Amino acid sequence: MAIEKVLIANNTSIIQDEVLAHRLGLVPIRVDPRLFDYLSENDQPNEKNTIVFKLHVQCKRGSPRITVKSDALKWLPNGSELVKETRNAASDSSSKPETYTYFGCSQETIPEFVKNPIIPKYPDIIIAKLGPGQEIELEAHAAKGIGKTHAKWSPVATAWYRMLPEVVLLEDIEDDLAEELKSKCPVNVFDIEDLGKGRRRATVARPRACTLCRECIRGDDWEKRVALHRVKDHFIFTIESTGALPPEVLFTEAVKILEDECERVIMELS
Ligand code: SF4
């Protein structure tokens, strides 16, 4: 989920409306997007496809400048509070004023949000700075989307993979050679075990940490003592989440999407 629509009621800060809206769009929200539906052009924004935040900050005249951070975004579980301008005010005077969302119930009553209110994932993201007499009042509507449409919907900050490294000692490496091998490795892949009677032997203690930098096989005869390989069918993924979902969930969800796409290709080909 990411902020997609910003309704600005007042902005007297030096940051332009569109820049402010763009900054708000990039604030990660602590909520599981799987609990929401996509909002298409023809859909009404409701409690199942929209999250509404309010931001109202003011720097009083005579006060020092203030920094507006993401924790100033307040979740409105009952939807928009901004009243729409209606053409026929007389006919609407008896009914509830129309706002920009159509919530059937409060999002606070949804069990998943009872103990986990929706908030920005990080409270200290700087949104704007206000000088004395300046004010921002707006409503931000978050919707569900995919990273292909805009990076703000990507739940992943950084992701990469590498093949599992394999470090094999081709012979027993003992005593001073064991110490030398241990000191060669910049990421401490090797350890020394005590064989008793003052004898020591090198072991491969942390092969996953190996970056395959080849330092350990540089120098005389070391290639005959240590072999380095990549396991070609074992991948180590490193995924940094923006905070909405934990990395392990992101990985399994990505694999499900890949599975669906493979099935589609197979169906098209068969
Ligand atoms: S290749 Fe580099 S990181 Fe891997 S074990 Fe050798 S020295 Fe360590």
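Note: hydrogens, waters and symmetry copies are ignored here, and every other heavy atom, side chains too, is used. Everything quoted here is computed from the prediction, not taken from an experiment. Note that ligands are numbered from 1 as they come in the structure, with each ligand's atoms numbered from 1 the same way.
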Taking atom types as modelled, is there a side-chain donor on H56 or Q58 under 3.5 Å from an acceptor on the other?
no

Identify the closest protein heavy atom to atom 1 (S) of ligand 1: which residue and atom is it, and at what distance?
R214 N, 3.2 Å

Should T101 and L76 count as side-chain neighbours, where that means a heavy-atom distance under 4.5 Å?
no

With a cut-off of 2.8 Å, does any N, O or S atom of C213 fall short of it relative to atom 2 (Fe) of ligand 1?
yes

Taking only non-hydrogen atoms of F190 and a 4.0 Å limit, the atoms of ligand 1 in range are 5 (S)

Metal check, atom 6 (Fe) of ligand 1 vs C216 N/O/S, cut-off below 2.8 Å:
yes

Write out the residue and atom name of the closest protein heavy atom to atom 8 (Fe) of ligand 1, then the distance separating them to 0.1 Å.
C185 SG, 2.5 Å

Counting from 1, what ligand 1 atoms have a heavy atom of V187 closer than 4.0 Å?
3 (S)

For atom 4 (Fe) of ligand 1, what is the nearest protein heavy atom, given as residue, atom name and distance?
C210 SG, 2.3 Å

Under 4.0 Å from ligand 1, counting heavy atoms only, is it the side chain of I217, its backbone, both or neither?
neither

Min side-chain heavy-atom separation L20-V6 under 4.5 Å:
no

In this structure, are over 12 heavy atoms from other groups packed under 6.0 Å from H234 atom NE2?
yes

Evaluate the ring planes of W75 and F113, with Trp represented by its six-membered ring, and classify them as parallel (under 30°), tilted (30 to 60°) or perpendicular (over 60°).
perpendicular

Can a donor-acceptor pair be found between the side chains of T203 and E193 at a distance below 3.5 Å?
no

